[in-house]
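Remarks on the structure that follows.
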Amino acid sequence: MKTKIPIAEPFLGEKEVTLVTEAVRSGWVSSKGKFISEFEDKFAKYCKIKHGVATTNGTSALHLALVTLGIGKGDEVLVPTLTFVSSANVVQYTGAKCVFVDSDPQYWCIDPKDIGKKITKRTKAIIPVHLYGHPCDMDLIMEIAREHDLYVIEDCAESHGALYKNRFTGSFGDISCYSFYGNKIITTGEGGMCLTNDDVLAEKLRILRDHGMDPKRKYWHTIVGFNYRMTNLQAAIGVAQMEKIERFVERKREIAALYNEEFKDIRVVSLPPEMTWAKNVYWMYSLLIHNDFGRDRDQLMEKLKDQNIETRPFFVPIHTMPHYNRGTRLPYAENLARRGINLPSGVTLTEADIERITSAVRSFIGHS
Ligand SMILES: *Cc1c(COP(=O)(O)O)cnc(C)c1O
């Protein structure tokens with residue numbers, strides 16, 4: 001049996017070992033210690049956003065952002081249905097209602113035209129998700145948000161380094177949220193961050209992250225907060241990863257270019273999109289299998305699994321999950337979800353791995 005090619009594997013180097021060791025030796029293993037603000041500053045600076053507030057994970061970053069903006073019971077929040085489930089769960093945590101939006105069939109992210117149809121008097125916010133590393137159409141989304149007085153919380157868990165019209169994803173909305181889970185573009189093990197250009201929101205994010213404690217008066221709590229603080233150990237890994245983030249993003253794009261070259265002449269699959277206004281970072285390289293091809297996505301996944309190549313189906317649209325299902329149909333997202341597959345996309349992939357994957361796909365399609 002050939003060695004397993006995983007869907008994504010983090011690259012951790014000597015610098016990570018050195019800085020984590022330094023954090024351990026210093027005794028600062030919880031959420032005080034120099035690496036936390038250093039990681040916040042470096043990541044915020046990279047994204048060209050003023051403030052960084054590091055959190056335990058990406059889900060807590062999103063929840064913190066919603067609470068900071070005052071979202072709660074009686075409110076509605078617009079979320080794309082084709083995303084990882086936590087983009088929607090965080091809305092439920094606040095007591096607000098999730099209203100699901102269809103995908104743009106061309107670039108797979110939240111469809112601005114469908115956003116317009118889902119707005120009611122109770123709508124308070126939109127959570128655009130830059131899916132699989134491709135940016136949302138932020139000009140259209142911000143125009144709708146301004147017109148209806150809505151907050152925008154960008155879910156950038158999959159889009160570190162991605163650009164919309166040459167500006168970083170995450171720099172358009174009120175607050176943007178990142179994940180540093182092990183398969184994300186940079187990792188801290190578990191970890192997340194909120195970024196914002198607004199001084200008042202940054203202060204509020206920090207207070208809510210730390211049990212709602214008054215920064216000027218110890219153990220005086222004026223609001224119900226959370227413990228969503230990142231540890232110094234996580235941040236030490238993050239600081240080391242920041243030295244490599246630009247290389248990781250470029251490697252993701254190189255891997256996508258190698259795949260595209262091999263698949264571009266195959267009529268029965270669509271390559272991942274990159275709109276003229278976008279820099280896609282291809283967090284997960286994805287293909288769509290056409291409906292008129294005799295076999296389907298699941299059969300391709302089986303075939304690759306037999307060759308010890310790990311793949312993933314697209315996310316299952318959240319509006320079809322039992323506890324969210326209200327009988328709505330979102331046809332574009334449902335169609336993409338049935339046909340989409342993620343191929344191995346980690347920065348540790350070798351040229352030989354990519355050759356093995358592309359020949360397996362080509363032979364399944366009948367293009368050897
Ligand atoms: C990974 C991910 C999250 C959640 O991040 P965690 O760090 O795993 O909590 C949220 N949204 C999207 C789109 C993700 O891909």
Side-chain angles (χ1 to χ4, degrees), residues 7-10 39-40 43 52-67 77-94 98 100-101 103-104 107-110 125-136 138 141 152-162 169-170 173 175-195 209 226-231 233-235 237-238 241 248-249 252 272 280-286 312-319 321 324 333 336-337 340 342 345-346:
I7 186 86
E9 197 177 38
F39 179 47
E40 288 174 335
F43 190 75
V53 179
T55 60
T56 49
N57 55 57
T59 307
S60 59
L62 284 163
H63 184 211
L64 193 65
L66 289 170
V67 176
V77 178
L78 302 179
V79 181
T81 188
L82 190 62
T83 177
F84 183 57
V85 72
S86 79
S87 315
N89 283 347
V90 292
V91 175
Q92 295 290 115
Y93 300 167
T94 68
C98 244
F100 294 104
V101 181
S103 310
D104 182 289
Y107 59 92
W108 312 347
C109 294
I110 191 167
I126 312 171
I127 306 184
V129 180
H130 307 294
L131 190 73
Y132 300 134
H134 192 286
C136 299
M138 290 314 297
I141 292 170
V152 174
I153 299 127
E154 290 178 69
D155 183 340
C156 303
E158 305 177 357
S159 74
H160 315 173
T169 53
I175 301 174
S176 54
C177 301
Y178 298 78
S179 165
F180 308 116
Y181 185 69
N183 64 15
K184 298 294 158 80
I185 294 177
I186 63 163
T187 186
T188 60
E190 294 276 354
M193 202 180 293
C194 293
L195 297 185
R209 173 181 65 172
F226 309 93
N227 177 358
Y228 279 169
R229 298 170 312 220
M230 179 180 270
T231 68
L233 299 175
Q234 291 166 285
I237 300 176
Q241 292 267 295
F248 287 167
V249 168
K252 289 273 192 194
N280 188 347
V281 292
Y282 303 96
W283 170 61
M284 284 285 160
Y285 182 88
S286 313
R312 279 187 179 183
F314 269 21
F315 295 122
V316 178
I318 304 173
H319 74 280
M321 311 266 171
Y324 284 114
L336 291 166
N342 302 134
S345 304

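Counting starts at 1 for both ligands and their atoms, following the listed order. Count residues from 1 along the sequence.
The minimum heavy-atom distance linking His130 with Cys156 is given by the pair CD2-SG, 3.8 Å.
Contact annotation: Lys184 has at least one heavy atom less than 4.0 Å from an atom of ligand 1. Ligand 1 lies within reach of Ser87, whose nearest heavy atom is under 4.0 Å from it.
Near Ala157, with a cut-off below 4.0 Å to any heavy atom, the atoms of ligand 1 are 2 (C), 3 (C), 10 (C), 11 (N), 12 (C), 14 (C), 15 (O). Counting atoms of ligand 1 from 1 in the listed order, those under 4.0 Å from a heavy atom of Val129 are 13 (C). Less than 4.0 angstrom separates some heavy atom of Thr83 from each of these atoms of ligand 1: 13 (C). Taking every heavy atom of Gly58 and a limit of under 4.0 angstrom, the matching atoms of ligand 1 come to 5 (O), 6 (P), 7 (O), 9 (O).
The OG1 atom of Thr187 sits 6.0 Å away from atom CD of Gln241, with the distance rounded to the nearest 0.5 Å. We find the OG-CG distance between Ser86 and Asn57 to be 8.0 Å, quoted to the nearest 0.5 Å.
Of the N or O atoms in Phe180, none lie within a sub-3.5 Å distance of an N or O in ligand 1. At least one N/O-N/O distance between Asp155 and ligand 1 falls below 3.5 Å.
Looking at atom 10 (C) of ligand 1, its nearest protein heavy atom turns out to be Ser86 OG, 3.1 Å. Among protein heavy atoms, atom 9 (O) of ligand 1 sits closest to Thr59 OG1, 2.5 Å. Given atom 15 (O) of ligand 1, the protein heavy atom at minimum distance is Glu158 OE2, 2.5 Å.
The aromatic rings of Phe315 and Tyr132 lie parallel to each other, their planes meeting at an angle below 30°, with 60° marking the opposite boundary. The aromatic rings of His160 and Phe43 lie perpendicular to each other, with more than 60° between the two planes, well past the 30° mark.
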Checking Val79 against Val101 for the side chain to side chain contact (heavy atoms under 4.5 Å, CB included) test, could you report, in this order, the C-alpha distance in whole Å, the side-chain angles of both residues, the deciding distance, and whether it holds?
CA-CA 6 Å; Val79 181; Val101 181; over 6 Å; no
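Within a 6.0 Å radius of OH in Tyr181, no more than 12 heavy atoms belonging to other residues, nucleotides or ligands are found.
Put simply, the side chain of Glu154 never gets that close to the backbone of Thr169: no donor and acceptor are under 3.5 Å apart.
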